[in-house]
Student: 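Structure incoming, see below.
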Amino acid sequence: PPFPFDLGTLQNEAYNLFKYTPRRTMSIAQQLYLNALISYPRTDSQKLPSTIGYKMILKNLSKAEEYKRLTSELLAQQTLRPNEGKKDDPAHPAIYPTGNLPEKGLETSQRKIWDLVARRFMSVFGESAVKQSMKVCLAVDGHHFYFDGRRILTEAWMHYYEPYVRFEEVILPPIKEGQPVNIKRIVLESLLTEPPSRYNPSSLLREMEETGIGTKATRADTIQTLYD
């Protein structure tokens, strides 16, 4: 399962999913916090202490129709233990939904971020997913050609984080070892290596975090200033 959101991972996820800049995500999260829908967003923590009341939050989220089935599955577990990361913040825990439900007046962007935080919170209590990968080797006149396949066998935590899970399945046809195959055509391609891609708000934010540039409160504004 993934880790709970700290501010940086929330901003990265929101950019990858919705193309929201770090500053916009910070602004939306701050508004959700002021509306008592999520916890304090300016945090570096990936920890969820039990004192926040896992079960009470899930019970309150169950009042929303879209979460009713998911929360009931989690509440049926004997123990709730979140998958936590190493990062800690002595002042604030990771970002989590308070359990309060938003009113109809929420803007689309606010509802998206709130839903993302809620589903991330549920997913950290899920079991590990099981993926299957297969590498196939074709031998043609002493030359070896490889291709890969992958698929999900057990969704587990992914079930709670949909539709935000990003995993592309490559389903292979039934293949047996030693099976002969027919060659339809051979294509020779000439390719060149490409330089590293340019920074986007998400990758620049990660680089700033890793190199210790700025703080969780200033990085979004620094990036926006560069773009402006």
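Residue numbers run from 1 in the order of the sequence given. Just so it is clear, the model here is predicted, and its values are computed rather than measured.
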Student: Is it the case that the side chain of Glu210 and the backbone of Glu207 share a donor-acceptor pair, with hydrogens and angles ignored and the cut-off at 3.5 Å?
Tutor: no

Student: Grab the two heavy atoms, one from Met122 and one from Thr71, that are nearest each other, plus how far apart they are.
Tutor: SD-CG2, 3.8 Å

Student: Please examine the side chains of Phe5 and Pro41, heavy atoms only from C-beta on, and report whether any two atoms are closer than 4.5 Å.
Tutor: no

Student: When you look at Leu58 and Leu70, which way does the side chain to side chain contact (heavy atoms under 4.5 Å, CB included) test go after all the steps?
Tutor: CA-CA 9 Å; Leu58 290 172; Leu70 300 175; over 6 Å; no

Student: How close do Ser123 and Trp157 get, counting heavy atoms only, and between which atoms?
Tutor: O-CB, 3.5 Å

Student: Taking the side chain as C-beta and beyond, is there a heavy-atom pair between Leu138 and Tyr146 under 4.5 Å?
Tutor: no

Student: Any chance you could measure Ile152, atom CD1, to Gln132, atom CD, to the nearest 0.5 Å?
Tutor: 11.5 Å

Student: Tell me which pairs pass salt bridge (charged side-chain N to carboxylate O under 4.0 Å, His left out) where either residue lies in residues 72-87, with sequence neighbours left out.
Tutor: Asp6-Lys87, Arg69-Glu73

Student: Checking the side chain of Asn83 only, and the main-chain atoms of Pro1 only, is there a donor and an acceptor separated by less than 3.5 Å?
Tutor: yes

Student: OH of Tyr199 to CD1 of Ile223: how many Å apart, nearest 0.5 Å?
Tutor: 10.5 Å

Student: Quick check: is Leu7 connected to Ile113 through a chain of hydrophobic side chains (ILVMFWY, heavy atoms under 4.5 Å apart)?
Tutor: no

Student: Please report the shortest heavy-atom distance between Glu162 and Val165, naming the atom on each side.
Tutor: N-CG2, 4.1 Å

Student: Any side-chain heavy atom of Asp88 sitting closer than 4.5 Å to one from Gln46?
Tutor: no

Student: Quick check on Ile186: does its CD1 atom have over 12 non-hydrogen neighbours (other residues, nucleotides or ligands) under 6.0 Å away?
Tutor: no

Student: Dump the intermediate steps for side chain to side chain contact (heavy atoms under 4.5 Å, CB included) on Tyr15 and Asn200, then the final yes or no.
Tutor: CA-CA 9 Å; Tyr15 179 81; Asn200 60 41; 3.5 Å; yes

Student: What pairs of donor and acceptor atoms, side-chain ones from residues 17-37 against any protein atom, are under 3.5 angstrom apart with sequence neighbours left out?
Tutor:
from	atom 1	to	atom 2	distance (Å)
Thr21	OG1	Arg24	N	3.2
Arg23	NE	Asp221	OD1	3.0
Arg23	NH2	Asp221	OD1	3.4
Thr25	OG1	Thr21	O	3.3
Gln30	OE1	Arg42	NH1	3.0
Asn35	ND2	Gln31	O	3.4

Student: Under the side-chain hydrogen bond (donor to acceptor under 3.5 Å, both in side chains) rule, what do Thr9 and Asn12 come out as? Steps first, then yes or no, please.
Tutor: CA-CA 5 Å; Thr9 53; Asn12 280 316; over 6 Å; no

Student: I'd like to know if Phe147 and Met134 are part of one continuous hydrophobic network [Ile/Leu/Val/Met/Phe/Trp/Tyr, side-chain heavy atoms within less than 4.5 Å].
Tutor: yes

Student: Is Met158 reachable from Leu153 through a run of I, L, V, M, F, W or Y residues, each pair having side-chain heavy atoms under 4.5 Å apart?
Tutor: no

Student: Less than 4.0 angstrom from a charged side-chain N to a carboxylate O is my criterion; do Asp89 and Lys216 meet it?
Tutor: yes

Student: After noting the C-alpha distance and the side-chain angles of Ile57 and Phe121, does the key distance pass the side chain to side chain contact (heavy atoms under 4.5 Å, CB included) rule?
Tutor: CA-CA 10 Å; Ile57 293 174; Phe121 176 77; 3.6 Å; yes

Student: Could you pull out all residues at least two apart from Asp148 that satisfy side chain to side chain donor-acceptor pair (under 3.5 Å)?
Tutor: none

Student: Above 12 or not: heavy atoms from other molecules or residues under 6.0 Å from CG of Asp228?
Tutor: yes

Student: With a 3.5 Å distance limit and no angle check, can you tell me whether Arg151 reaches the backbone of Ser133 through a side-chain donor-acceptor pair?
Tutor: no

Student: Is the shortest side-chain heavy-atom distance between Asn16 and Arg166 below 4.5 Å?
Tutor: yes

Student: Using every non-hydrogen atom in the two residues, find where Thr98 and Ser39 come nearest and quote the distance to one decimal.
Tutor: CG2-N, 4.1 Å

Student: Looking at side-chain heavy atoms only, is the closest gap between Tyr164 and Leu116 below 4.5 Å?
Tutor: yes

Student: Give every donor-acceptor pair under 3.5 Å between a side-chain atom in residues 48-55 and any protein atom, sequence neighbours left out.
Tutor:
from	atom 1	to	atom 2	distance (Å)
Tyr54	OH	Leu48	O	2.4
Tyr54	OH	Ser50	N	3.2

Student: Under 3.5 Å, is there a donor-acceptor pair linking the side chains of Thr225 and Thr222?
Tutor: no

Student: Would you say that Val117 contacts Leu10 through its side chain, given a criterion of any heavy-atom pair below 4.5 Å between the two side chains?
Tutor: yes

Student: Ser45 and His92: which non-hydrogen atoms are nearest, and at how many Å?
Tutor: CB-O, 3.3 Å

Student: Which pair of heavy atoms, one from Leu61 and one from Tyr67, lies closest together, and at what distance?
Tutor: O-CB, 3.6 Å

Student: Above 12 or not: heavy atoms from other molecules or residues under 6.0 Å from CD of Glu103?
Tutor: no

Student: With no hydrogens and no angle check, is any side-chain donor or acceptor of Thr154 less than 3.5 Å from a backbone partner on Ala156?
Tutor: no

Student: According to salt bridge (charged side-chain N to carboxylate O under 4.0 Å, His left out), does anything in residues 111-140 pair up with another residue at least two apart or in another chain? List the pairs.
Tutor: Glu13-Arg120, Asp115-Arg119

Student: Quick one: list whatever passes side chain to side chain donor-acceptor pair (under 3.5 Å) with Arg198, sequence neighbours left out.
Tutor: none

Student: Counting neighbours of CD on Glu107 that are heavy atoms of other residues, nucleotides or ligands and sit closer than 6.0 Å, is the number greater than 12?
Tutor: no

Student: Indicate yes or no for a side-chain donor-acceptor contact from Thr43 to the backbone of Ala94 under 3.5 Å, with no hydrogens or angles considered.
Tutor: no

Student: Just wondering, do Lys47 and Pro93 contact through their side chains at under 4.5 Å, heavy atoms?
Tutor: no

Student: Given side chains that start at C-beta, do those of Leu75 and Phe125 come closer than 4.5 Å, heavy atoms only?
Tutor: no

Student: For Leu205, does its backbone N or O pair with a side-chain atom of Arg219 as donor and acceptor, under 3.5 Å?
Tutor: no

Student: What about Ile213 and Tyr227, same hydrophobic cluster or not, with Ile/Leu/Val/Met/Phe/Trp/Tyr joined at side-chain heavy-atom distances under 4.5 Å?
Tutor: yes

Student: Following the transitive rule for hydrophobic clusters with a side-chain heavy-atom cut-off under 4.5 Å over Ile, Leu, Val, Met, Phe, Trp and Tyr, establish whether Phe3 and Phe167 coincide in one cluster.
Tutor: no

